[in-house]
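Since this is a predicted model, take the numbers as computed values, not measurements.
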Amino acid sequence: MFSVILRSAAQRRALPALRHLATQPPPPSPPQNSPLPPPPSLPSLDFQPAEPEPEKTQRTGAKSSKDSLSSIERKRRFLGRISLGVLAVALGVQVVYLGREWEADELKTRRQTLEDAPSGRWARTKSRFWELFDYFNKPQWTELLPPPLPAPHQKPYTLLVSMDDLLITSTWDRQQGWRTAKRPGVDYFLAYLSQFYEIVIFTTQHHYTAMPIIEKLDPYNFFITYKLFREATRSVNGKIVKDLSYLNRDLSKVILLDTHPEHVSSHPENAIIIPKWTAAPGDKGLIAMIPFLESIGIYKPPDVRPILQAYAGKDIPIEYAEKEAEAKAKHIEEWKTKARGLSKGGFTLSGMFGGTSEQSRSPIPLTYLEQKRLEAQRQYKEEQAYIATHKDEFEKLLEEDRQAMAREMSGNLWSALDAMTGNKKVEPAAATAKGDEEGKKVQVQ
């Protein structure tokens with residue numbers, strides 16, 4: 001009963017409000033093309049740091065313009081002008097100094113005479129200036145060979161022999177790799193001509209690649225006096241040149257055998273260009289050069305350069321063989337003429353009885369060259385016999401040298417390690433004595 005009364009009372013209170021809402025007009029509908037209101041702003045997850053504000057520079061009050069400079073700027077410009085002036089004066093003094101007259105020690109170092117050196121001041125300046133940049137293009141030493149030995153021991157001539165494609169050649173294949181072959185007759189060439197020449201191997205290879213080959217060519221150091229390697233050459237326009245002015249020898253007594261004309265471009269008058277050996281097994285080009293070189297060593301001309309120039313561009317073995325044949329024919333003709341003169345004008349006992357003279361029956365005498373050649377060949381055979389007889393002793397000495405070198409290298413390594421660790425090196429003799437002493441003490445106890 002009570003609930004019914006409350007429900008009817010609520011309906012009576014809400015009825016006027018509903019009537020009021022029904023009498024109001026409906027709200028206007030928004031146009032179809034009008035933009036939608038923006039959505040409420042949402043927090044963004046992208047982080048973007050705030051740009052730093054430009055630093056505020058403080059003015060010092062100093063003016064810097066063309067007409068008004070600070071004291072520091074004026075001082076800096078003044079010191080710059082002073083430095084440029086000092087540099088200009090020093091450069092002028094250096095130019096004047098480079099153009100000075102040549103000195104005797106300087107000409108000796110340059111291996112020039114006063115007539116060959118540049119004479120003008122500007123020429124001397126340029127020569128000395130470019131010489132400053134030529135340091136790395138020169139040989140490593142100013143004198144490639146030590147001074148000559150005294151007269152009884154020094155050979156009268158020096159023979160420089162290249163190695164690549166002249167004494168040896170190197171070939172490569174996929175089965176064997178790199179292989180080095182000796183030219184036919186190279187052993188006889190070096191051993192025989194060492195009687196007349198101071199033989200020097202002058203190669204463009206480096207020491208570490210050429211030295212094992214040279215040790216095979218002359219294992220006992222009997223025939224090759226000195227060895228010169230890539231470090232002894234110089235570079236001219238990017239090409240390797242064997243400059244003989246650094247050799248420390250009289251160039252009138254020097255002969256250079258090579259296969260590359262550019263290697264001898266500094267002294268072509270001292271050079272003989274030999275065709276390259278292409279590993280042909282029956283090659284005789286090296287042996288064919290022996291008579292020509294042998295004749296120079298026998299006749300001892302005061303200057304070999306005119307002789308080499310006379311054979312320049314020719315096949316030296318053939319040309320010299322013809323010259324020697326002509327000299328032999330002339331010698332025989334002179335001997336026959338002399339023999340006929342003696343048979344006509346001379347009185348002999350055999351001629352009185354109708355026999356032939358002893359002079360006409362005697363054999364043709366040898367020429368001076370042939371006599372000296374026989375002596376040289378006899379000496380060569382004696383040297384080879386001596387080497388063959390004492391070969392075991394030489395091999396033993398070589399093995400001792402190798403062992404001594406190995407011990408020295410090992411000792412140097414351990415000495416360096418001991419020095420680094422601070423330990424003292426115990427000598428072998430001292431260590432043995434110390435061990436013997438300790439052994440005796442143990443036995444006594």
Side-chain angles (χ1 to χ4, degrees), residues 155-163 165-169 182-200 223 252-261 264 267-339 362-381 383-384:
K155 303 293 177 59
Y157 299 94
T158 300
L159 181 63
L160 304 175
V161 185
S162 181
M163 195 168 65
D165 299 327
L166 198 151
L167 300 181
I168 56 100
T169 188
K182 293 196 303 183
R183 192 169 188 172
V186 62
D187 297 330
Y188 177 69
F189 179 86
L190 296 175
Y192 183 74
L193 291 180
S194 63
Q195 305 177 66
F196 309 100
Y197 293 90
E198 176 190 41
I199 295 182
V200 180
F223 313 121
S252 64
K253 305 289 191 300
V254 174
I255 300 175
L256 173 59
L257 299 182
D258 209 301
T259 57
H260 298 273
V264 301
H267 296 81
E269 65 278 3
N270 289 91
I272 299 176
I273 304 300
I274 299 178
K276 295 181 180 180
W277 178 46
T278 59
D283 179 80
K284 297 182 180 180
L286 195 62
I287 296 296
M289 287 297 302
I290 292 179
F292 174 74
L293 298 173
E294 172 195 52
S295 66
I296 294 178
I298 291 176
Y299 287 114
K300 296 181 175 57
D303 193 345
V304 300
R305 289 170 291 189
I307 300 175
L308 300 183
Q309 289 298 306
Y311 286 90
K314 301 178 181 179
D315 192 342
I316 293 181
I318 295 177
E319 291 289 333
Y320 177 75
E322 293 177 357
K323 297 287 185 182
E324 186 174 347
E326 293 176 0
K328 179 68 174 180
K330 183 178 179 181
H331 171 75
I332 295 174
E333 185 65 26
E334 291 177 354
W335 176 82
K336 289 181 178 180
T337 302
K338 185 178 180 181
S362 62
I364 301 175
L366 299 176
T367 62
Y368 175 78
L369 177 64
E370 291 172 339
Q371 295 176 14
K372 293 297 181 180
R373 182 176 292 164
L374 288 176
E375 294 178 4
Q377 292 175 354
R378 190 181 304 113
Q379 184 176 351
Y380 165 76
K381 293 178 180 179
E383 289 181 351
Q384 294 299 311

* Asked: Hey, are Glu333 and Lys330 close enough for a salt bridge, meaning a charged N less than 4.0 Å from a carboxylate O?
  -> no
* Asked: Is the shortest heavy-atom distance from the side chain of Val186 to the side chain of Ile168 under 4.5 Å?
  -> no
* **Parallel, tilted or perpendicular, as decided by the 30° and 60° cut-offs, for the rings of Phe196 and Tyr192** => perpendicular
* Asked: What closest approach, in Å, do Glu269 and Gln309 show between heavy atoms, and which atom pair accounts for it?
  -> CA-NE2, 2.8 Å
* Asked: Looking at Pro184 and Asp283, what are the two nearest heavy atoms and their distance?
  -> CB-O, 3.5 Å
* Asked: Are Lys314 and Glu322 close enough for a salt bridge, meaning some N to O gap below 4.0 Å?
  -> no
* Full working for side-chain contact (heavy atoms from CB on, under 4.5 Å) between Leu257 and Leu293 -> CA-CA 11 Å; Leu257 299 182; Leu293 298 173; 4.1 Å; yes
* **Heavy-atom side-chain proximity of His260 to Lys276 below 4.5 angstrom** => yes
* Sub-4.5 Å side-chain heavy-atom contact between Gln377 and Leu374 -> yes
* Asked: Do the side chain of Trp335 and the main chain of Lys338 share a donor and acceptor less than 3.5 angstrom apart?
  -> no
* Start with the C-alpha gap between Val264 and Asn270, add the side-chain angles, then the distance that decides, and say whether side-chain contact (heavy atoms from CB on, under 4.5 Å) holds. => CA-CA 8 Å; Val264 301; Asn270 289 91; over 6 Å; no
* **Atom pair CD1 (Ile332) and CD1 (Ile364), whose distance is rounded to the nearest 0.5 Å** => 4.0 Å
* When rounded to the nearest 0.5 angstrom, what distance separates OG1 in Thr367 from NZ in Lys372? -> 12.0 Å
* Asked: Out of curiosity, Ile307 CD1 to Ile255 CD1, how far, rounded to the nearest 0.5 Å?
  -> 8.0 Å
* CD of Gln195 to CD1 of Ile298: how many Å apart, nearest 0.5 Å? -> 9.5 Å
* Is there side-chain contact between Leu167 and Leu286, with heavy atoms separated by less than 4.5 Å? -> yes
* **Minimum heavy-atom distance between Ile296 and Tyr157, given as atom pair plus value** => O-CE1, 3.9 Å
* Asked: Do Lys328 and Glu370 pass the salt bridge (charged side-chain N to carboxylate O under 4.0 Å, His left out) test, and can you show the C-alpha distance, the side-chain angles, and the key distance before you say yes or no?
  -> CA-CA 10 Å; Lys328 179 68 174 180; Glu370 291 172 339; 3.0 Å; yes
* Taking the side chain as every heavy atom from C-beta outward, state whether Tyr197 and Val161 have any pair of such atoms under 4.5 Å apart. => no
* Asked: Which pair of non-hydrogen atoms, one from Ala191 and one from Glu383, has the smallest distance, and what is that distance?
  -> O-OE1, 4.3 Å
* Do the side chain of Gln371 and the main chain of Leu366 share a donor and acceptor less than 3.5 angstrom apart? -> yes
* Can you say whether the rings of Tyr311 and Tyr320 are parallel (under 30°), tilted (30 to 60°) or perpendicular (over 60°)? -> tilted
* Heavy-atom donor-acceptor pair, Lys253 side chain to Pro302 backbone, under 3.5 Å -> yes
* Minimum side-chain heavy-atom gap Lys155-Ile199 below 4.5 Å -> no
* Flag the pair Phe223 / Leu193 as yes when at least one side-chain heavy-atom distance between them is below 4.5 Å, and no otherwise. => no
* Asked: To the nearest 0.5 Å, what is the distance between CG (Leu166) and CD1 (Ile273)?
  -> 9.5 Å
* **Thr169 OG1 to Arg183 CZ distance, which is reported to the nearest 0.5 Å** => 9.5 Å
* Are Ile274 and Met289 close enough that some pair of their side-chain heavy atoms sits under 4.5 Å apart? -> yes
